[in-house]
Amino acid sequence: QLVPSWDSTSIHNFNGACGLATLGGTCATAMADRVTELLATATAPLVNQLRKMTPLDVDTLVGAIFVVCAVFTQIALVVIARAVGKALAPATPARTTSAPTTSTHQAHVAVTQKPPTAVVEADISGFAWMRAAGITPGEFASDSNAPVPGVDSDFGEQAPATPRSFSEQAAPFSPHRKPHAHYSKLTPGELTRLREFRGLLNAAAVDEPTLLSSSDLKRFVNDACLCRYLRARKWNLKKALKALIATLKWRAKTRPERITCWDCAAEAASGKQYVVGLDKENRNVVVMRPGRENTKEHAGNIRFLIYTLEKAVWRDHPASDPPLGSHVEHHTEKLTLLINFTGWTLATAPPMKTSRETLQILQDHFPERLAVAVCYNPPWIFAVFWKAISPFIDPATYRKIRFVNPKRQKEQSRMGKMFSPNDLDDDMGGARDSKFDLKKFTHQCDLYDANKTARLGQFAAAEAEKGE
């Protein structure tokens, strides 16, 4: 009726096409129903298993999916970054070589050699003496283009003069005026670096007086502290000074020495962090129990973390601590973190913001402090994640992280090799009662806070007397 000009053959073909289309649609619907039925049958055991899962199993599954996605994303980003780097790299110009010309009489070519540039010993104070001692400056000489207060392009203008010979009794430009024996654990090159670093810090404090505006900050920057920042930055003066300035500004703002136990009483009530004693290498041990997390308040958790770290590294007389070079042991300056994951779930995990700032504080403001971190009884997903990202981690950091599964006798035996039974909680194989005693903990913290306040007051009085 719509197309009267069609003949009977055309109408017949049209009806046949409509019939085929209807048949195709019916077949497609049937196939879709069959596929849906097969998928439902295949996934039924999985669905039933998911319904029987406990909240802990659900947390583990969600964490596994997140870790797998994060690992694949990181690998993809690395691949993309390398591809972009290759694409943006300038093309290497082709080298053109010309064939030597020959003649009957061979030409005599006179080669003029440019005399070597004389070494100017005043370019960077200390480098001339390092070369004289057979020490290659290497990455000591590498600079960062980032501006640093008090540092010019010529270190010699800011640093104190270096001695004429390494055999002389040379001590860094220290406010404590220690004898040469105090610096016996430094090589001649490291001694010179420390001397220059002290001069650069003093110059930066002149340009920016707030850096050393309080007695607490002056107490912090002893020679041992300066060497830790130098070691962390491979003895590069500019990088070490930039890091130290950032820490001094952070400490001026947070005043970590003045935090007391009562400032973080809510966070301390559950026993999720405490300093327990020494390991067998005489390093202070900080125990962390994420399963006892009792607050989600970011500022409070960070304040309690800073208090715990400061308590672990506290020294009554920091000026007497000898500065340590890279070639000696640093056990007396370092910490052992013992993280017991027993009872940990995603519900007790701290917010991501808190975790990020925790890592930043440990890395930026407590450099060269971490000796080893022992993860005891971690969820299986932690070990999987660690193995996945280990190729991307610095080897020095990788060696500091150890996982201990209490179900494996070989790994559990490591705890006895590292810790004394009296300083190890009984739920980790030791003899110490793992039940948290808040009253005892508060009493110990009160004694520490009182001693700390007295020592800080004595140092402030001595500084005020010098000023007079």
Considering all heavy atoms, the nearest [X]-[Y] contact:
| X | Y | answer |
| --- | --- | --- |
| Leu230 | Ala240 | CD2-CB, 3.8 Å |
| Arg432 | Asn422 | CB-O, 3.7 Å |
| Leu335 | Ala312 | CD2-CB, 3.7 Å |
| Arg233 | Ala243 | NH2-CB, 3.5 Å |
| Gly325 | Leu186 | N-CD2, 3.4 Å |
| Ala319 | Asn222 | N-ND2, 4.4 Å |

Ignoring hydrogens and angles, state whether a donor on the side chain of Tyr229 or Thr247 is under 3.5 Å from an acceptor on the partner side chain.
-> yes

Side chains of Asn301 and Thr354: do they bring a donor and an acceptor to under 3.5 Å?
-> no

With heavy-atom distances below 4.5 Å as the criterion, would you say the side chains of [X] and [Y] are in contact?
| X | Y | answer |
| --- | --- | --- |
| Phe341 | Pro379 | yes |
| Arg219 | Pro318 | yes |
| Phe304 | Ile302 | no |
| Pro406 | Met415 | no |
| Val286 | Thr308 | yes |
| Val404 | Asn377 | no |
| Thr295 | Lys272 | yes |
| Arg251 | Glu257 | yes |

Stepwise, does the side-chain contact (heavy atoms from CB on, under 4.5 Å) test hold for Val221 with Leu212?
-> CA-CA 9 Å; Val221 290; Leu212 298 177; 3.9 Å; yes

Is the closest basic N to carboxylate O distance between [X] and [Y] below 4.0 Å?
| X | Y | answer |
| --- | --- | --- |
| Arg292 | Glu267 | no |
| Glu463 | Lys466 | yes |
| Arg255 | Glu310 | no |
| Arg231 | Glu333 | yes |
| Asp321 | Arg228 | no |
| Arg289 | Asp425 | yes |

From the list Lys185, Arg198, Arg195, Arg193, salt bridge (Lys or Arg N to Asp or Glu O under 4.0 Å) with Asp223 holds only for Arg198

Donor-acceptor pair, distance only, cut-off 3.5 Å: does the side chain of [X] make one with the backbone of [Y]?
| X | Y | result |
| --- | --- | --- |
| Glu411 | Arg408 | no |
| Thr187 | Glu190 | yes |
| Lys253 | Leu248 | no |
| Gln412 | Met428 | yes |
| Glu208 | Leu211 | no |
| Asn340 | Val287 | no |

Just jot down the ring pair (Phe, Tyr, Trp, His ring centres under 6.0 Å) partners of His365, sequence neighbours excluded, or say none.
-> Trp250

Residues passing the ring pair (Phe, Tyr, Trp, His ring centres under 6.0 Å) test with Tyr307, sequence neighbours excluded, are Tyr448

Evaluate the side-chain contact (heavy atoms from CB on, under 4.5 Å) criterion for residues Leu278 and Val285: first the C-alpha distance (whole Å), next the side-chain angles of each, then the deciding distance (0.1 Å), finally the verdict.
-> CA-CA 6 Å; Leu278 302 176; Val285 180; 5.7 Å; no

How long is the gap from [atom1] on [X] to [atom2] on [Y], to the nearest 0.5 Å?
| X | Y | atom1 | atom2 | answer |
| --- | --- | --- | --- | --- |
| Ile339 | Arg402 | CD1 | CZ | 13.5 Å |
| Leu370 | Leu337 | CG | CG | 5.0 Å |
| Asn405 | Cys375 | CG | SG | 12.0 Å |
| Asn284 | Arg369 | CG | CZ | 9.5 Å |
| Thr336 | Asp423 | OG1 | CG | 11.5 Å |
| Ser270 | Glu293 | OG | CD | 6.5 Å |

Give a yes or no on this: more than 12 heavy atoms of other residues, nucleotides or ligands lie within 6.0 Å of atom NE2 of His298.
-> yes

Does anything in residues 414-439 pair up under ring-ring contact (aromatic ring centres under 6.0 Å, His included), and if so which pairs, sequence neighbours excluded?
-> Phe436-Phe441

Run the numbers on Cys227 and Leu194 for side-chain contact (heavy atoms from CB on, under 4.5 Å), then give the verdict.
-> CA-CA 7 Å; Cys227 273; Leu194 177 57; 3.9 Å; yes

Quick one: salt bridge (charged side-chain N to carboxylate O under 4.0 Å, His left out) pairs with a partner in residues 341-367, sequence neighbours left out?
-> none

For residues 450-460, which residue pairs qualify under salt bridge (charged side-chain N to carboxylate O under 4.0 Å, His left out), counting only residues two or more places apart or in two chains?
-> Asp316-Arg455, Asp449-Lys452

Contacts under 3.5 angstrom, residues 258-265 side chains, donor-acceptor by atom type, not counting sequence neighbours:
{"residue": "Arg258", "atom": "NE", "partner": "Asp216", "partner atom": "OD2", "Å": "2.9"}
{"residue": "Arg258", "atom": "NH2", "partner": "Asp216", "partner atom": "OD1", "Å": "3.2"}
{"residue": "Arg258", "atom": "NH2", "partner": "Asp216", "partner atom": "OD2", "Å": "3.3"}
{"residue": "Thr260", "atom": "OG1", "partner": "Asp263", "partner atom": "OD2", "Å": "3.1"}
{"residue": "Trp262", "atom": "NE1", "partner": "Asp446", "partner atom": "OD1", "Å": "3.0"}
{"residue": "Asp263", "atom": "OD2", "partner": "Thr260", "partner atom": "N", "Å": "2.9"}

Could you go step by step and tell me if Asp426 and Ser434 meet the side-chain contact (heavy atoms from CB on, under 4.5 Å) rule?
-> CA-CA 6 Å; Asp426 54 16; Ser434 59; 2.7 Å; yes

